[in-house]
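What follows is a single structure, written as structure tokens, with notes after it.
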Number of protein chains: 2
Amino acid sequence: MVTIADVARHAGVAVSTVSYVLSGKRTISTDTRERVQRSVQELGYRPNASARALASHRSNVLALVIPLRTGMHVPVMMQFAAAVVTTARRFDHDVLLVTADEGPDGLERVAQSSLVDALIVMDVELQDERVPVLRELPMPSVLIGYPDDADGLTCIDLDFVAAGAQCVDELADLGHRSLALLGTPSAVYERQTGFAQRTLTGFTEAAERRGVLGVETPCEHTFDAVLQTVEQLLEDHPDITGLVVQNEPIIGPLLDVLRRLGRRVPEDMSLVAICADDVAERQVPQLTSVTIPAEQIGAQAVESLITKLEGGEAPDLTLLPPTLTARGSSAPPHSRPAEPAADR
Amino acid sequence: MVTIADVARHAGVAVSTVSYVLSGKRTISTDTRERVQRSVQELGYRPNASARALASHRSNVLALVIPLRTGMHVPVMMQFAAAVVTTARRFDHDVLLVTADEGPDGLERVAQSSLVDALIVMDVELQDERVPVLRELPMPSVLIGYPDDADGLTCIDLDFVAAGAQCVDELADLGHRSLALLGTPSAVYERQTGFAQRTLTGFTEAAERRGVLGVETPCEHTFDAVLQTVEQLLEDHPDITGLVVQNEPIIGPLLDVLRRLGRRVPEDMSLVAICADDVAERQVPQLTSVTIPAEQIGAQAVESLITKLEGGEAPDLTLLPPTLTARGSSAPPHSRPAEPAADR
DNA sequence: TTGAAAGCGCTAACAG
DNA sequence: CTGTTAGCGCTTTCAA
């Protein structure tokens, strides 16, 4: 293994000089700098990460705490992770994968052993037991999602209240008077997951504001559950013509169920989803949707963290405004097919 | 920050004694051991990871190299990752997430800086440019998948040749004489990805062995592509009654397309998929499938790596035998509906 | 503009 | 069974 001493000897300079050439923390004459750089090249020198971390009190590693087991929106998680890793690399950092299964102890473990310099925590609940731990930790953190009490924390999230409202407005603007929110499985609400609760809030408030009916039901991930939920819904409220869906895995089954029940989309039933764009575009018909800007959130989380690591300030709460893209699944109620082969 | 010296002082012993109590690498009298453990507790001591790594030449971190961008089978990837992290934790290791985007340089970076002790590389191509790098790296690695030349490497994978053959056998046993393999997007074949190539080989050989027609076509992920591919297929080979699918994202659309074309599953068309069990079970009808044992592969990869880190030997190539589970999507050709409400 | 050297916190000989 | 101590490879003062 090539050490910094080897490089120093090869270049005929002091160890500290090599260090400073590499870090750029003090000015070096062009001559020596080039000599050192040549030696680094020739010897194939790579600084030892542990030694560097021990001396500098910086590991250049970020922890990403992610729910790997719970069958949460897997593709969205993956998009987050990809954005986090890519952005971290841009700032010369690596990412340590920590499962949410480890709970609060996991955070303490990686933080207090100085394995990482900072943490990104995903899938935050309204009353999250990790939040008090994060507050006490001697390093910065960013939450994706935000708890009821976000004091002293940096949180980033899509504005799900506004997203829920925007879906209602879109459908109400089209003339729909009776809407339903097909939500996440009930376990997610019981866990008091922020995004689910807040979407519901936005949906309900907007329905009231617009003077339209807004009913709400959770929905499990199996086909049978979707079938039963929708049948029950239409039996209880036969006049429903607009559906807001916040439950990625059931989107396929839902379209199937509507077809079986003889409800054409969008002629008989309009659909607005809250999901990743590529999921919306893959359906037939393509879905009008509010996108979940996973890339943007992930990148922003890393950027805030790096800012904090450098002693800067990051905003307490960043709520990204939702964007609705109208596609083929929403139309005025009881509309006629536009063309003969109407469902494509 | 509490250091090992603080603990030693508090317990009235030498630092080495504390170190040995923690590592268990030499026998300590019950008395001092308990005294040290009490001090560790009281002071809330956590060993510093960098210092430990620097002194012991072991970071206790594994690199997981994963394709985060390419729209590959995302849920399967996630299952792998979960199994890897969980198993690594059982052996007191952490996992560093490295994107395949970084290429061979990424491997060298994390390995030669001693950031990690070992590597797990997913999604290996037949001619993978990372393979020669892995061979030269001064640390163990395990590949998930295997290249053409796997000499001197440790590889773990599902036996996709056998999987392809097993699908053919299942359908041939049911009496089907004309089969098609609906494969991955053509880009995956062009990249010479091992699993796709080998499934094709197994499919083709088995079809020949059984004396049945076995045609093969790649398929992109959009609905239109599925529709067009299937229409073309049935036009070219109207007598096809059995489909083998190795392309998770198109499973939903495919069922949709068959319905539109008036082909009932399994009465008019039998389906056998190669995919995760939960995906197969979520469809209507549930799919007969060969499962991808992601958990098992991920756990096995970590175990092999730990064995090698401890100086042991791991088998060069572990090919897990495929398991086919018969569900509702396969039946003898031109079968009659079993019940009135037959498609559930 | 550069060099010398004192740590960073821990492990693992070596010594008893 | 336990203690002493020399590193591990780097960063960063302090001094020139």
Side-chain angles (χ1 to χ4, degrees), chain A residues 1-37 39-40 43-61 92 110-117 138-139 309, chain B residues 1-37 39-40 43-61 92 110-117 138-139 309:
Chain A
M1 152 162 283
V2 183
T3 73
I4 197 172
D6 297 329
V7 176
R9 203 172 311 118
H10 187 270
V13 298
V15 168
S16 55
T17 302
V18 177
S19 176
Y20 284 120
V21 167
L22 262 37
S23 70
K25 287 189 181 173
R26 77 179 181 192
T27 46
I28 304 279
S29 71
T30 317
D31 180 47
T32 44
R33 180 163 8 102
E34 286 176 351
R35 202 140 35 85
V36 168
Q37 284 165 341
S39 297
V40 166
L43 300 181
Y45 168 69
R46 299 264 192 175
N48 179 296
S50 316
R52 181 172 264 185
L54 180 58
S56 67
H57 305 285
R58 273 277 200 288
S59 66
N60 273 33
V61 175
D92 198 32
V110 296
Q112 298 188 356
S113 64
S114 297
L115 239 186
V116 304
D117 296 334
M139 59 181 61
L309 280 171
Chain B
M1 151 162 284
V2 184
T3 74
I4 197 171
D6 298 327
V7 177
R9 202 173 311 118
H10 186 271
V13 298
V15 287
S16 58
T17 301
V18 177
S19 176
Y20 285 120
V21 166
L22 261 38
S23 70
K25 286 190 181 173
R26 77 181 182 191
T27 47
I28 304 279
S29 72
T30 317
D31 180 47
T32 43
R33 185 171 355 113
E34 286 177 352
R35 201 141 35 85
V36 168
Q37 283 166 341
S39 297
V40 166
L43 301 180
Y45 169 68
R46 298 265 192 177
N48 179 295
S50 316
R52 181 172 263 186
L54 181 57
S56 68
H57 305 285
R58 272 278 200 288
S59 66
N60 272 33
V61 175
D92 198 32
V110 297
Q112 297 188 356
S113 64
S114 297
L115 239 185
V116 303
D117 296 334
M139 60 181 60
L309 280 172

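Keep in mind that what you see is a predicted model, and the values were worked out from it rather than measured. Numbers restart at 1 for each chain; the letters A, B, ... are given by sequence-line order, proteins then strands.
The distance from atom CZ of A:Arg35 to atom C1' of C:dT2 is 11 Å, rounded to the nearest whole Å. B:Ile4 places its CD1 atom 12 Å from the C1' atom of C:dA12, with the value rounded to the nearest Å. Atom pair A:Asn60:CG and D:dC10:C1' shows a separation of 13 Å (rounding to whole Å applied). Taking atom CG of B:Leu115 as the reference point, atom P of D:dC8 lies 20 Å away to the nearest angstrom. Counting to the nearest Å, the C1' atom of D:dC8 and the CZ atom of A:Arg52 are 16 Å from each other. Here D:dG9 presents its P atom at 9 Å from CG of A:Asp6, a figure rounded to the nearest Å. Between the CD1 atom of A:Ile28 and the C1' atom of D:dT11 there is a distance of 13 Å, rounded to whole Å. For the pair A:Leu54 CG and D:dC8 P, the computed distance is 13 Å after rounding to whole Å.
Among the nucleotides D:dG9, C:dT2, C:dG9, the one closest to any side-chain atom of A:Asn48 is D:dG9. You'll find that the side chain of A:Ser56 is closest to D:dT12, out of D:dT12, D:dT2, C:dT2. In this structure, the nucleotide among C:dG9, D:dC10, C:dA12 sitting nearest to the side chain of B:Lys25 is C:dA12.
At distances below 3.5 Å, at least one donor-acceptor pair connects side-chain atoms of B:Ser59 with backbone N or O atoms of B:Leu115. Counting only distance, with no hydrogens or angles, the side chain of B:Arg58 and the backbone of B:Leu309 share a donor-acceptor pair below 3.5 Å.
Closest approach of A:Val21 to A:Gln37, counting heavy atoms only: CG1-CG, 4.1 Å. When all heavy atoms of B:Gln112 and A:Met1 are compared, the closest pair comes out as O-CE, 4.0 Å. Heavy-atom minimum distance, A:Tyr20 versus A:Ile28: CB-CD1, 4.0 Å. Shortest non-hydrogen contact noted between B:Ser50 and B:Asn48 is N-OD1, 2.8 Å. Here the closest heavy-atom approach between residue B:Ala11 and residue B:Arg35 is recorded as O-NH1, 2.5 Å. Considering all non-hydrogen atoms of both residues, B:Val15 and B:Ile4 come closest at O-CD1, 3.7 Å.
A side chain to side chain contact (heavy atoms under 4.5 Å, CB included) with A:Pro47 is found for exactly one of A:Val7, A:Val2, A:Leu22, A:Thr3, namely A:Leu22.
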Please list, pair by pair, any protein nitrogen or oxygen found under 3.5 Å from a nitrogen or oxygen in nucleotides 3-6 of chain D.
{"unit_1": "D:dG3", "atom_1": "OP2", "unit_2": "B:Ala14", "atom_2": "N", "d": "3.0"}
{"unit_1": "D:dG3", "atom_1": "OP2", "unit_2": "B:Thr17", "atom_2": "OG1", "d": "2.7"}
{"unit_1": "D:dG3", "atom_1": "N7", "unit_2": "B:Ser16", "atom_2": "OG", "d": "3.3"}
{"unit_1": "D:dG3", "atom_1": "N7", "unit_2": "B:Arg26", "atom_2": "NH2", "d": "2.9"}
{"unit_1": "D:dG3", "atom_1": "O6", "unit_2": "B:Arg26", "atom_2": "NH1", "d": "2.8"}
{"unit_1": "D:dG3", "atom_1": "O6", "unit_2": "B:Arg26", "atom_2": "NH2", "d": "3.2"}
{"unit_1": "D:dT4", "atom_1": "O4", "unit_2": "B:Ser16", "atom_2": "OG", "d": "3.0"}

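Two residues are said to be in side-chain contact when any heavy atoms from C-beta on lie closer than 4.5 Å; A:Val61 and B:Val61 fail this criterion.
Each of B:His57 and B:Arg33 has a nearest nucleotide on DNA chain D; the 5'-most of these lies closest to B:Arg33. Mapping A:Thr27 and B:Met1 onto DNA chain C by nearest heavy atom places A:Thr27 at the nucleotide closer to the 5' end.
Among the atoms of the strands shown, only primed sugar atoms or phosphate atoms (P, OP1, OP2) are found under 4.0 Å from some heavy atom of B:Thr32. Contacts of A:Ser19 with the nucleic acid, taken as non-hydrogen atoms under 4.0 Å apart, include base atoms.
The shortest distance between the side-chain N/O atoms of B:Ser29 and the OP1/OP2 oxygens of D:dT2 is below 4.0 Å.
The overall bend of the helix from C:dT1-D:dA16 to C:dG16-D:dC1, read as the angle between its terminal helix axes built from five base pairs each, is 40° when rounded to 10 degrees.
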